[in-house]
Number of protein chains: 2
Amino acid sequence: MTDRDWRCEDPEQQLVWASATSEALRVLEGKWKIVIIIQLFAAKSPLRFSELERRIEGVNQKMLIQQLRQLEKDGIVGRMVYPQVPPKVEYTLTEMGIALGPSVEALVDWAFMRREALGH
Amino acid sequence: MTDRDWRCEDPEQQLVWASATSEALRVLEGKWKIVIIIQLFAAKSPLRFSELERRIEGVNQKMLIQQLRQLEKDGIVGRMVYPQVPPKVEYTLTEMGIALGPSVEALVDWAFMRREALGH
DNA sequence: TGCAATACCCACCAGGAGGTAAGTATGACC
DNA sequence: GGTCATACTTACCTCCTGGTGGGTATTGCA
């Protein structure tokens, strides 16, 4: 679970780590996914569809839904439907989504450092 | 530089982190990039083009070059050309590439956990 | 009657990512 | 003269991602 494994010399193991990781990264690919994830982390509570739409500048509905559906399928976010009119749907991070915390944190740090290095 | 920032409540800050991070993630997107990065980490030394090609199962030359060029452009890998015949080119992680270590580690951990959760 | 609010779905399109197969340049070696 | 190795480049093709602009269902309210 630490770097003792993934930096090892065994080429077989490297392939295993590399393929698992690229497979996992593919779950995060998509123009709006990390934005959604970060918003859900920051909110610390479920967010409604329209709330996400409002918070994420530049998404349209189709894109937001598409990305949410993929995140849901991949087990990152959960969907809670309230049978009301007008409809109400809430999105949350699942356990697996919350487990992304360290990765997101490291990526945020790196992104920050990168911005600095490239000159604001 | 820690989670005290990116999980804050300030919506302005959230947008800054989210956009910086999605921008940074876009640098890692591409079917072979993390695989390349992990191989370079694991090798602990520069790798020649043909060596990368040999280690990464399934890439073809065009894809490998394309991804290496993009990683180079984004400042993740460095390229060292030796004026020989037959040609010799070595690829290394730059400082910014090495700085990806914690992110890669966290992602590897998550990918591992995910595999377990999905039933290997 | 008709409009507002919410959370979607559908048809369609452009551009780019990914992939295959072939070609290029150079000098050494046989 | 022909082949080999290395690190590419090029032409061409397919499929997916992202995006636009509409439509749908339900009920309350004026």
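Naming convention: chains lettered A, B, ... in sequence-line order (proteins, then strands); numbering from 1 in each chain.
- In this structure, A/L68 places its CG atom 17 Å from P of C/dT6, rounding to the nearest Å.
- Note on B/E29: nothing from the nucleic acid sits closer than 4.0 angstrom, heavy atoms only.
- Neither OP1 nor OP2 of C/dA17 sits under 4.0 Å from any side-chain N or O of B/R26.
- Along DNA chain D, the nucleotide nearest to A/G58 and the one nearest to A/P87 differ in position, and the one closer to the 5' end is contacted by A/G58.
- B/L68 contributes atom CG, which lies 9.0 Å from atom CZ of B/R79 (distance to the nearest 0.5 angstrom).
- Using a cut-off of 4.0 Å between Lys/Arg side-chain N and Asp/Glu carboxylate O, B/R54 and B/E51 are scored as salt-bridged.
- Each of B/R48 and A/P86 lies near DNA chain D, and the nucleotide nearest B/R48 is the one positioned closer to the 5' end.
- Between A/N60 and the phosphate of D/dT20, there is a side-chain N or O to OP1/OP2 separation shorter than 4.0 Å.
- Listed pair A/Q67 / D/dT17 fails the phosphate criterion, with no side-chain N or O lying under 4.0 Å from OP1 or OP2.
- Within the 4.0 angstrom heavy-atom criterion, only backbone atoms of the sugar-phosphate kind lie near B/Y91; the bases stay farther away.
- We find the CH2-CE distance between A/W32 and A/M63 to be 9.5 Å, quoted to the nearest 0.5 Å.
- Contact check, B/S50 against D/dA7: a side-chain N or O comes under 4.0 Å of OP1 or OP2.
- In this structure, A/K62 and A/V85 both approach DNA chain C, and ranking their closest nucleotides by distance from the 5' end singles out A/V85.
- Using a distance-only test at 3.5 Å, with no hydrogens or angles considered, a donor-acceptor pair links the side chain of B/T94 to the main chain of B/G75.
- If you measure from atom CD1 of B/I65 to atom P of C/dG19, you get 15 Å, rounded to the nearest angstrom.
- Between C/dA7 and A/R79, no contact under 4.0 Å exists linking OP1 or OP2 to a side-chain N or O.
- When rounded to the nearest whole Å, the span between CG of B/L64 and C1' of C/dA17 equals 16 Å.
- Contact annotation: side chain of A/K31 to base of D/dG18, donor-acceptor pair absent below 3.5 Å.
- Between the CD atom of A/Q66 and the P atom of C/dA7 there is a distance of 19 Å, rounded to whole Å.
- The main-chain N or O of B/R69 is never found under 3.5 Å from a side-chain atom of B/K73 such that the two would form a donor-acceptor pair.
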